[in-house]
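What's counted below: heavy atoms across the whole structure, side chains too, no hydrogens, waters or symmetry copies. Nothing here was measured: the structure is a model prediction, and the numbers come from that model. Each chain gets a letter, A, B and so on, in the order the sequences are listed, and its residues count up from 1.
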Amino acid sequence: MSLVTPDFGLIFWMLISFLIVLFILKKYAWKPILLSLKSREESIDSALKSAEKAREDMAKLKDDNEKILDEARKTRELMMKEAHELKDKIIVDAKKTAGLEADKLIEMAKNQIQNEKNNAVAEIRVKVVELSVQIAEKILQKNLDTDSKQKDYAESLLKNINLN
Amino acid sequence: MKTSILFLSFFLILAFNRNCLGQHETQHISSAETKEKFKPGDMILDHIGDAYEWHIVTLGHTHVSIPLPILVYSEKSGFHTFFSSQFHHGHQSFDGLKIAGEGSPYKGKIIEIIAGKETRPYDISITKNTLSLFISLAFIVWLFISISRAYQKRQGKAPKGIQSLLEPIILFIRDDIAKASIGEKKYEKYTPYLLSIFFFIFLNNLLGLVPIFPGGANLTGNIAITMVLAVFTFIITSVNANKNYWIHIINAPGVPWWLKLPLPLMPIVEIIGVFTKPFVLMIRLFANITAGHIIALGFFSLIFIFGEMSAGAGYGMSVLSVSFTVFMSLLELLVAFIQAYVFTLLSALYFGMATEEHH
């Protein structure tokens, strides 16, 4: 059977030529092809990875921004609150001091009034005494003809003084 | 492309020149044979076998064929180098050599009669298959070197043209055959070989389906070619095999002791297995491709078998034959790919088995 008998000549040529071709292909075709395929894959891979990283960074940045904004908002609120409280406190304090001051002033005025009054009363007493003396002089000069009349009059005068 | 056109025109010119010289005798002898009955078996074997000339067409009684160089060394008469046209399509002997005819065990091969006996000289003639081998190898070298240039020129860019056509196949072989079977660590060493045999087998399977020059030679359906490929796989497997692989063969773990002693049954089976693996590779490719060719030729033979009965039956049969052959050719396109894939995949699996680490 020639069909299943390997032919010597063909084996010979196949061995030689295929080995040469294998060597040439390996060195000049497959090596550069496989190398550039690999480097391309790696570059695509790294590009994808860096894109992913950039995306993550962006998300992180956005997150950070939001956080900062949030914090700012909170700080603002806090400051507002503090300011409010301070204002209230100032008002309350002012009210309190004003009240105290007013009380003090009132007290002082009262004291002064009392003093003035006392002074006036004292003055009036002095005046009354003077007047009484003058009145007494006059009465004594004019109407003191009788003893009883003198007595009555003096008593009535005294009564008036006591009332004052 | 330019080179193959050059090749073609060169051989065609050669063919017509030589045939003009030998035309007369051919016609005489052929006319004597015209009444011979059509023998489908001979025709089929003729077509799937090798030849010393590349037959293109027969016009009337004139064979148009490309003569090929004969390179023969005989122990008796030394070296012979001449063109196969000297044999006049096997009808004449030249320089004491002739092509063996019917009934000879060397039918179709060059023989020399020494002491009344037919002997086969050392024959490294550039036959039809050898030329086809050279053409396909030259084409592969040209194709992949130009592709590799494209890769170097367009570093890091998307593939373009023929590069983008073949890149998926290259990636498929690298990732799904080499990487999957051999493993991430070692596949790089074997990928060039796997790529080379894949494209060699695939291209020649396809060329085998083309009926005329430069196709038509049944190269991957030739047992010498598949044998050399299988031997390469076998040598690479054996040379690169690690200790673990040989231990598995000689002393397979997990096998009961009485299968190894006193009769080393398992080791014998394993050692036979080492040789049957490449043997099966050789047979599978050869048989699949040859079978495809035989079926297609069988359908065409039917036309002539029926045509001998009556011309009408022949014409009728031709419709059926052609449609079946179209169907078969489509199937063969698939087979061409599958067989190249299977050969490559199994080679990769054997490399993977030989280099597998102990786990």
Please test Phe87(B) against Ile70(B) for side-chain contact (heavy atoms from CB on, under 4.5 Å), starting from the C-alpha separation and ending with a verdict. CA-CA 10 Å; Phe87(B) 286 129; Ile70(B) 304 284; 4.0 Å; yes

Output, in order, the C-alpha distance, side-chain angles, deciding distance and verdict of side-chain contact (heavy atoms from CB on, under 4.5 Å) for Phe200(B) and Val21(A).
CA-CA 10 Å; Phe200(B) 175 76; Val21(A) 166; over 6 Å; no

Between Phe23(A) and Leu19(A), is the side-chain contact (heavy atoms from CB on, under 4.5 Å) condition met? List the steps. CA-CA 6 Å; Phe23(A) 176 76; Leu19(A) 273 175; over 6 Å; no

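Other residues, nucleotides and ligands contribute only 12 or fewer heavy atoms inside 6.0 Å of the NE2 atom of His47(B). Heavy-atom contacts from other residues, nucleotides or ligands closer than 6.0 Å to NZ of Lys98(B) number 12 or fewer. By the neighbour-count criterion of 12 heavy atoms within 6.0 Å, atom CD of Glu75(B) is sparsely surrounded, having that number or fewer from other residues, nucleotides or ligands.
Proximity to chain B is absent for every atom of Glu42(A), based on heavy atoms less than 4.5 angstrom apart. Only the side chain of Leu171(B) comes within contact range of chain A, with at least one heavy atom under 4.5 Å from a heavy atom of that chain. Contact of Thr226(B) with chain A is not made at all, since no heavy-atom distance falls under 4.5 Å. Only the backbone of Lys157(B) comes within less than 4.5 Å of a heavy atom of chain A; no side-chain atom from C-beta onward does. Looking at Ser39(A), the atoms closer than 4.5 Å to chain B (heavy atoms on both sides) all sit in the side chain, from C-beta outward. Using a 4.5 Å cut-off between heavy atoms, Ile24(A) contacts chain B through its side chain alone, with no backbone atom that close. Heavy atoms closer than 4.5 Å to chain B are found in the side chain of Leu25(A), but not in its backbone. With a 4.5 Å cut-off on non-hydrogen atoms, Phe199(B) touches chain A through its side chain but not through its backbone. Residue Phe18(A) touches chain B through both its backbone and its side chain, counting heavy-atom pairs closer than 4.5 Å. With a 4.5 Å cut-off on non-hydrogen atoms, Leu71(B) touches chain A through its side chain but not through its backbone. Within the 4.5 angstrom heavy-atom criterion, no atom of Arg154(B) approaches chain A. Looking at Ser196(B), the atoms closer than 4.5 Å to chain A (heavy atoms on both sides) sit in the backbone and in the side chain alike. For chain A, the nearby part of Asp123(B) is the backbone; its heavy atoms alone come within less than 4.5 Å.
Contact count against chain A (heavy-atom pairs under 4.5 Å) is highest for Phe232(B) among Tyr193(B), Tyr122(B), Phe232(B). Your options are Ser146(B), Gly108(B), Pro159(B), Gly49(B), and the one with the most heavy-atom pairs under 4.5 Å with chain A is Pro159(B). Contacts with chain B were tallied for Leu10(A), Asp7(A), Ile11(A); Leu10(A) has the most, counting heavy-atom pairs under 4.5 Å.
The closest side-chain donor-acceptor pair between Asn205(B) and Thr220(B) falls under 3.5 angstrom.
Under a 4.0 Å N-O distance rule, the pair Asp46(B)/Lys39(B) does not qualify as a salt bridge.
Here Leu133(B) contributes atom CG and Ile225(B) contributes atom CD1; the two are 5.0 Å apart, rounded to the nearest 0.5 Å.
Closest of all the heavy-atom pairs between Tyr73(B) and Pro121(B) is O-CB, 3.5 Å.
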